[in-house]
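Structure first, commentary second.
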Amino acid sequence: MKLATWNVNSLKVRLGHVQEWLTANPVDVLCLQELKLTDDKFPIAELAAHGYTAHFTGQKTYNGVAILVNHAKVGEATDIVRNLPNFPDEQQRLISATIAGTRIVCGYFPNGQSLESDKFVYKLKWLDALTHWLAGEMANHPRLALLGDYNIAPEDRDVHDPKAWEGQNLVSPQEREAFARLEGLGLRDAFRLFDQPEKIFSWWDYRMGAFRRNAGLRIDHILLSAALAERCTACEVDPVPRKWEQPSDHAPVVATLAA
DNA sequence: ATGGCATGACAATCATGA
């Protein structure tokens with residue numbers, strides 16, 4: 001079973017990229033973030049034509065998340081839940097579904113903007129609510145995967161220039177502690193289950209030729225419960241779509257699970 | 001040097017991203 005996550009930065013603009021990527025990478029589950037469209041604009045038929053059933057919760061201009069399911073391989077998803085039940089929120093940032101006995105949680109974590117911002121307070125509150133809700137969710141679903149754009153680089157090795165970024169939004173101690181609390185629930189960072197090359201990132205700024213210079217951050221993650229981590233045989237970032245014309249600033253991340 | 005680039009709403013700039 002292959003699980004993937006990709007912040008597409010507008011599904012309207014990136015639909016062709018998603019279709020092309022799925023054709024080359026027919027994963028079983030693809031979690032999408034930053035749809036930037038309302039539910040009535042979601043390209044259900046265009047994704048169905050590629051073999052994927054979509055479950056989504058959208059929003060005008062901002063946010064929006066979806067879970068795409070290769071139904072021929074893994075069947076249909078059940079028990080779709082939108083948002084955090086313990087955190088009333090206008091912003092559409094979370095969707096969960098059960099697929100082939102695995103609980104899939106797809107999240108677009110708040111950016112935070114800066115440590116002085118109200119948005120940073122919101123980010124930490126959202127993370128706290130997510131962590132508390134996940135504790136119960138994991139008790140009900142031993143096989144659970146949390147995929148998405150976390151907007152947190154967990155360690156300095158996930159940052160192209162740790163000195164320049166020290167203490168800033170996306171790498172601050174508060175955010176890294178929140179990430180560690182997720183791990184404290186028993187979740188494992190699939191990427192770090194394996195030896196990895198240095199300087200692997202999942203996001204590069206559109207500006208200043210950041211991708212060409214590999215000036216990026218690893219902020220998109222797949223966290224796995226113990227029952228899934230022991231079955232995980234690989235986890236990789238796919239930088240290829242970042243090289244395409246008019247790309248998302250994020251790259252897909254893929255985890256492979258043995259049967 | 002607080003820019004730079006991209007997207008969407010809106011109709012010239014502005015909010016947001018990370």
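Since the structure is predicted, the reported quantities are computational estimates derived from the model, not experimental observations. Residue numbers start from 1 in every chain, and the chains themselves are labelled A, B, ... in the order their sequence lines are given, proteins ahead of strands.
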* Contact residues, residues 58-66 of chain A to DNA chain B [heavy atom, < 4.0 Å] -> A:Lys60, A:Thr61, A:Tyr62
* So, are A:Asp89 and A:Lys125 salt-bridged, with charged N and O less than 4.0 Å apart? -> no
* **Backbone of A:Gly58 reached by a side-chain donor or acceptor of A:Gln92 within 3.5 Å** => no
* A:Arg82, CZ: over 12 other non-hydrogen atoms inside 6.0 angstrom -> yes
* Taking only heavy atoms on the protein side, list every residue of residues 148-165 of chain A lying under 4.0 Å from any atom of DNA chain B, sorted numerically. => A:Asp149, A:Asn151
* Asked: Other hydrophobic cluster members with A:Phe211, side-chain heavy atoms of Ile/Leu/Val/Met/Phe/Trp/Tyr under 4.5 Å, chained?
  -> A:Phe201, A:Trp204
* Asked: Regarding A:Tyr206 and A:Asn9, is there a side-chain donor-to-acceptor distance under 3.5 Å anywhere?
  -> yes
* Neighbour count above 12 (heavy atom, 6.0 Å) for A:Glu236 CD -> no
* Given the P atoms of B:dG4 and B:dT13, what is the spacing between them in whole Å? -> 15 Å
* How far, in whole Å, is B:dA18 from B:dT2 if one measures between their C1' atoms? -> 14 Å
* What's the CD-P distance between A:Glu90 and B:dT16, to the nearest Å? -> 15 Å
* Structure fact -> A:Tyr206 has its side chain closest, among B:dG8, B:dA18, B:dC5, to B:dC5
* Would you kindly give the CD-to-P distance between A:Gln168 and B:dG17, to the nearest whole Å? => 16 Å
* Report yes if a side-chain nitrogen or oxygen of A:His250 is closer than 4.0 Å to either non-bridging phosphate oxygen (OP1 or OP2) of B:dA18; otherwise report no. => yes
* Checking only heavy atoms, does the side chain of A:Asn111 share a donor-acceptor pair with the base of B:dA18 at less than 3.5 Å? -> yes
* Please measure how far the C1' atom in B:dT7 lies from the corresponding atom in B:dA11, and state the result in whole Å. => 16 Å
* Asked: C1' atom, B:dA15 versus B:dA1: distance in rounded Å?
  -> 23 Å
* Asked: Is there a donor-acceptor contact under 3.5 Å linking the side chains of A:Thr38 and A:Lys60?
  -> no
* Asked: Between A:Arg176 and A:Asp156, is the closest basic N to carboxylate O distance under 4.0 Å?
  -> yes
* Asked: What integer distance in Å separates A:Glu245:CD from B:dA6:P?
  -> 11 Å
* **Whether over 12 other heavy atoms sit under 6.0 Å from A:Asn140 CG** => yes
* To do: For A:Pro247 and for A:Asn169, locate the closest nucleotide of DNA chain B by heavy-atom distance; then report the residue assigned to the nucleotide nearer the 5' terminus.
  => A:Pro247
* In whole angstrom, what separates A:Glu34's CD from B:dG8's P? -> 10 Å
* Measure the distance from NZ on A:Lys41 to P on B:dG8 and round it to the nearest whole Å. => 11 Å
* Asked: Checking A:Arg14 side chain against A:Val8 main chain: does a donor-acceptor pair fall under 3.5 Å?
  -> yes
* Starting at atom CG of A:Leu37, determine the distance to atom P of B:dT7, rounded to an integer number of angstrom. => 14 Å
* Structure fact -> Closest of B:dT7, B:dG4, B:dA18 to the A:Ile219 side chain is B:dA18
* To do: Would you kindly give the CZ-to-C1' distance between A:Arg207 and B:dG4, to the nearest whole Å?
  => 6 Å
* Asked: Separation of A:Asp205 atom CG from B:dT7 atom P, in whole Å?
  -> 13 Å
* Distance below 4.0 Å between A:Gln246 side-chain N/O and B:dC5 OP1 or OP2 -> no
